[in-house]
Amino acid sequence: MARRAPRPRRTLELPDDVMEEIFLRLPADNPASLARIAGGCKSWRAMVSDPNFAPAYRRLRDAPPMLGFLYNYRSTDDEGAPYWTSHFRAAAALPPRVRRDRKHWRALDSRHGLVLFDTPEGDGHLVVSDLVTGERWKIDGHLTFPDACNAAVLCARDGCDHRDCHGGPFLVACVDSVVAGDRRIASAMVYSSVTGKWIDPTFLEHPNVIDGRGHSAVLGNKVYVPCVESGSVVEYNTRENKLSVIKAPFEVQHHKIELMGVEDGMLLFASVVKPRLYLWSMEAGPRGAAGRARSRFIELGPLLPSTALVDNTEVSAVGFAEGVGVIFIKTRVGLYTIQLKSEQSNQVHRGYINKVMPYVSFYTEAWERLPASDEA
């Protein structure tokens, strides 16, 4: 008796509006999923390539995802001359032009989908780059960045929620310490991409030294940079071109408190003490006044291997991904991330990295470079 041929399976075809809702809810930290969809068939490609798809995709999320992080390594050439290399460690599937190393470039800051680079070997001393779109803007001025200078890049679009800052105007703020006779003075100035110029610097007598290796923070039009001594932060109002000093209302004996960035509209500070990660959030009041503050801690013992906590002096917070709630912890056995809400940890690098600059942005251009299948 002849066998019957198996019946072909029916393919479940969902309406386009249902498929679009599914695509809109794909994880934002995996751009490759959208790329695969765009290459699936013409109708899917048309769906995710529609001009209205990307804005809707971003609106459904509280914040852009962390696509990776930047860090710098210093090396020497064959003649013994030192140089920097900026490295990018991807947390998602990204094209080589985004995650490539940049020899003779040094990343200074990353925010709002932009990265500020110091490029002493290039024809422009500073470069602002949008790693997603590939756009670059050269900034003249030939400034130097000693250890007592801190620079920040930020979106300058009025009313922006910083979910789609691509191509928008930006500012670069620089705050440093200078010596005038027997006085130490903090100075600051800001560059606008709209005018293409630096404004005249402003000054404030301040005995503490600006920490050029630390992280900056941005709240509105104000930039905050740390000082070498704990508990002192310099506020630079870029709109009014004014400086003021904030004395944080907390301290930890024999341990430095690091400015990390912004969390829930407040300045975030961190310090590691006797395998605990201490976190402080502080409101910045008007004219340099310290506002309301709160504190909490996370036990690191259950989150990090015992070998990482042998010497607590080598454990410190070295970066924070704003909007994502991920803090980076440096240890003698590698670099770890800790999710502040879930308190989950993960090793992301085996090296010893002193400063991490997370790159947070949507990458919804991923599918545009892939051809669609000819299948209907």
Side-chain angles (χ1 to χ4, degrees), residues 63 66 68-72 84 86-89 106-118 128 145-155 162 170-177 186 188 208-220 222-236 238 245-246 248 250 252 255-272 277-282 284 315-330 335-338 340 348-349 352-361:
M66 182 178 68
F69 60 89
L70 297 106
Y71 61 98
N72 303 308
W84 289 99
S86 172
H87 299 269
F88 186 92
R89 176 62 63 96
R106 179 164 61 117
L108 301 175
D109 190 40
S110 176
R111 185 177 292 102
H112 302 158
L114 300 172
V115 182
L116 177 64
F117 290 102
D118 178 21
V128 172
F145 284 88
D147 291 343
C149 180
N150 198 304
V153 62
L154 59 147
C155 170
H162 306 309
F170 63 84
L171 301 176
V172 173
C174 296
V175 184
D176 65 356
S177 297
N208 208 338
V209 179
I210 302 299
D211 185 358
R213 300 180 181 181
H215 290 278
S216 60
V218 172
L219 282 170
K222 297 177 180 178
V223 177
Y224 299 86
V225 299
C227 297
V228 173
E229 294 182 9
S230 291
S232 182
V233 176
V234 173
E235 176 191 273
Y236 178 36
T238 60
V245 179
I246 298 177
F250 40 75
V252 179
H255 288 81
K256 185 177 180 181
I257 299 175
E258 301 283 356
L259 175 64
M260 289 284 99
V262 173
E263 181 189 35
D264 298 331
M266 303 174 74
L267 298 179
L268 179 68
F269 299 81
S271 184
V272 176
L277 170 65
Y278 286 86
L279 300 165
W280 296 266
S281 300
M282 184 190 75
V315 183
S316 60
V318 293
F320 178 65
E322 297 181 5
V324 184
V326 172
I327 198 162
F328 290 79
I329 302 295
K330 174 187 72 174
L335 182 70
Y336 291 81
T337 57
I338 295 178
L340 295 187
V348 293
H349 197 283
Y352 194 76
I353 299 174
N354 290 315
K355 183 177 181 180
V356 169
M357 289 152 282
Y359 185 71
V360 178
S361 180

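Computed over heavy atoms, backbone and side chain alike; hydrogens, waters and symmetry mates excluded.
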Identify, with sequence neighbours excluded, every residue that meets salt bridge (Lys or Arg N to Asp or Glu O under 4.0 Å) alongside Arg89. none
Kindly indicate whether the side chain of Arg111, heavy atoms from C-beta on, has any atom under 4.5 Å from the side chain of Val218. yes
What do the steps show when you test Lys355 against Asn72 for side-chain hydrogen bond (donor to acceptor under 3.5 Å, both in side chains), and what is the final call? CA-CA 8 Å; Lys355 183 177 181 180; Asn72 303 308; over 6 Å; no
Just verifying a value: how many Å separate Arg213 CZ and Cys149 SG, rounded to the nearest 0.5 Å? 13.0 Å
Shortest non-hydrogen contact between Val324 and Met66, atoms and distance: CG2-N, 4.0 Å
Looking at every heavy atom in both Pro226 and Gly214, which two are closest together, and how far apart are they? CG-CA, 4.1 Å
For Val228 and Ile210, which heavy atoms make the closest approach, and how far apart are they? CG2-O, 4.1 Å
Pairing residues for Glu322 by the side-chain hydrogen bond (donor to acceptor under 3.5 Å, both in side chains) criterion, not counting sequence neighbours: none
Heavy atoms, side chains only, cut-off 4.5 Å: are Ser281 and Leu268 in contact? yes
May I ask you to decide if the ring planes of Tyr71 and His87 are parallel, tilted or perpendicular, using 30° and 60° as cut-offs? parallel
Please say which of Val225, Leu108, Asp176, Asp109 ends up in a side-chain contact (heavy atoms from CB on, under 4.5 Å) with Asn150. Val225
Mind checking whether Phe88 and Tyr359 have parallel, tilted or perpendicular rings, split at 30° and 60°? perpendicular
Hey, are the side chains of Ile327 and Glu263 touching, using non-hydrogen atoms and a 4.5 Å cut-off? no
Here the gap from Tyr224 atom OH to Ile246 atom CD1, rounded to the nearest 0.5 Å, amounts to 5.0 Å
For Ala151 and Ser216 the tightest heavy-atom approach is O-OG, 4.1 Å
